[in-house]
Amino acid sequence: NVDYRASRSLLFRESGHYQEAVKDTILTRALIKSPNLAKALEAGVEVSLDSDMAYITKIAEDPILVSLAKPGPDRTDADKGPIIDYLKGLKFFSSFKNSRDVLDQIASKVELITAVKGEHIFEEGQPGNHFYIILDGEISIVKIKKSFEEILDTLVLVRMFRGQTFGETALQSKGGLRTAGAIASQNSRLLSLHAEEYNSVLSSFRNVLKEEVRAILGSSVLFADWPADKLDYLASFAIVRNFDANA
């Protein structure tokens with residue numbers, strides 16, 4: 001089933017199983033070019049695939065890239081679906097999984113940017129204007145040692161990969177400055193969310209969280225007699241913390 005294998009190759013790639021993805025991708029292209037291969041495979045015949053058999057001019061593009069290619073306001077619910085599914089799988093958004101409206105807001109605002117190896121995403125001391133999610137590639141968070149404006153050394157603090165986020169620290173206060181720089185260690189694709197949109201999303205999430213916490217408090221015997229305004233005040237201080245088993 002060619003369509004099945006093509007879809008499975010994308011799923012393998014998105015989940016980080018690249019060797020399996022490559023195997024399915026090559027076989028898919030070979031089957032499209034030479035349908036008779038299917039009979040050989042069904043018969044259990046060992047098939048050797050060369051580059052000519054694997055080549056095909058039209059290759060299905062990753063659904064999330066197709067969606068991100070459209071301007072945010074033009075994205076339909078179907079377009080936003082792959083983006084939302086991707087966000088749900090990220091640790092940073094684990095608390096947002098049940099907040100469809102918030103994820104929908106992000107999916108309609110986020111933009112795709114590319115960075116070539118060695119390119120600076122931002123530099124230490126610059127104002128923080130964007131929050132970033134790594135779609136693929138590698139980003140290094142760095143500190144640069146200077147003497148009289150001459151760069152002496154670049155210290156890599158951490159390397160970050162697909163699914164990790166960065167850049168939020170400077171967005172926590174208005175006019176906040178970057179405490180470190182970010183450089184593309186490899187050719188990379190990033191999802192970018194402007195500071196205003198990032199803070200708007202967090203504000204929406206806090207409102208959703210506040211409603212949920214207020215309902216939980218109201219159903220507890222401890223707070224059964226509390227008036228609504230007191231529950232509302234208490235709920236406004238709630239934060240989300242995640243604990244692994246036995247932590």
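Since we're looking at a predicted model, the values are computed, not measured.
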Correct closest heavy-atom pair for K109 and Q105 would be CG-O, 3.1 Å
Polar side-chain atom of R8 near backbone of D24 as donor-acceptor pair, under 3.5 Å: no
Under a 3.5 Å distance rule, please check whether S67 uses its side chain to pair with a backbone N or O of D79 as donor and acceptor. yes
Polar side-chain atom of E119 near backbone of V116 as donor-acceptor pair, under 3.5 Å: yes
Closest heavy-atom contact between A184 and S188? CB-OG, 4.2 Å
Report yes if the side chains of L135 and L65 come closer than 4.5 Å at any heavy-atom pair, otherwise no. yes
Other residues, nucleotides, ligands: >12 heavy atoms within 6.0 Å of D225 CG: no
Mind checking who shares a hydrophobic cluster with F237, ILVMFWY linked at side-chain heavy-atom distances under 4.5 Å? Y233
Enter the distance from K80:NZ to L103:CG here, rounded to the nearest 0.5 Å. 11.0 Å
Tell me if a side-chain donor or acceptor on T25 pairs with a main-chain N or O of A21 at a distance below 3.5 Å. yes
My understanding is that only residues two or more places apart in sequence, or in another chain, count here; which of them pass ring pair (Phe, Tyr, Trp, His ring centres under 6.0 Å) with H194? H130
Please round to the nearest 0.5 Å and tell me the distance separating atom CD1 of I133 and atom CD of E168. 10.0 Å
For G137, is there any backbone N or O sitting under 3.5 Å from a side-chain donor or acceptor partner on R162? no
Determine whether the side chains of S140 and R159 contain a donor N or O and an acceptor N or O closer than 3.5 Å. yes
Shared-cluster residues of M160, by chain and number - hydrophobic side chains joined below 4.5 Å: I113, I121, F122, Y132, I134, I139, I141, L155, L157, V158, F166, L190
Would you please test R13 and D136 for salt bridge (charged side-chain N to carboxylate O under 4.0 Å, His left out) and show each step? CA-CA 10 Å; R13 180 149 62 93; D136 56 38; 5.4 Å; no
Heavy-atom donor-acceptor pair, N199 side chain to A195 backbone, under 3.5 Å: yes
Can you find a heavy atom in the side chain of K143 that is under 4.5 Å from one in the side chain of T154? no
Check whether any side-chain heavy atom of H120 lies under 4.5 Å from a side-chain heavy atom of I144, and answer yes or no. yes
Contact check, side chains of L68 and R189, non-hydrogen atoms, under 4.5 Å: no
Tell me whether the count of non-hydrogen atoms from other residues, nucleotides or ligands lying under 6.0 Å of CD in E196 goes above 12. no
Looking at side-chain heavy atoms only, is the closest gap between I183 and E138 below 4.5 Å? no
Please determine whether residues F12 and Y86 belong to a single hydrophobic cluster, defined as Ile, Leu, Val, Met, Phe, Trp and Tyr linked transitively by side-chain heavy-atom distances below 4.5 Å. no
Looking only at heavy atoms, the pair that brings L171 and G128 closest together is CD2-O, 3.2 Å
So CH2 of W226 and CG of L231: to nearest 0.5 Å the spacing works out to 7.0 Å
Which heavy atom of R75 sits nearest a heavy atom of A107, and at what distance? NH1-O, 2.8 Å
Note, L234 side chain near K230 side chain (heavy atom, < 4.5 Å): no
Starting at OG1 of T114, measure out to CG of N187 and round the result to the nearest 0.5 Å. 8.5 Å
To the nearest 0.5 Å, what is the distance between CD on E124 and OG1 on T179? 7.0 Å
Please round to the nearest 0.5 Å and tell me the distance separating atom CD1 of I106 and atom OG of S200. 10.0 Å
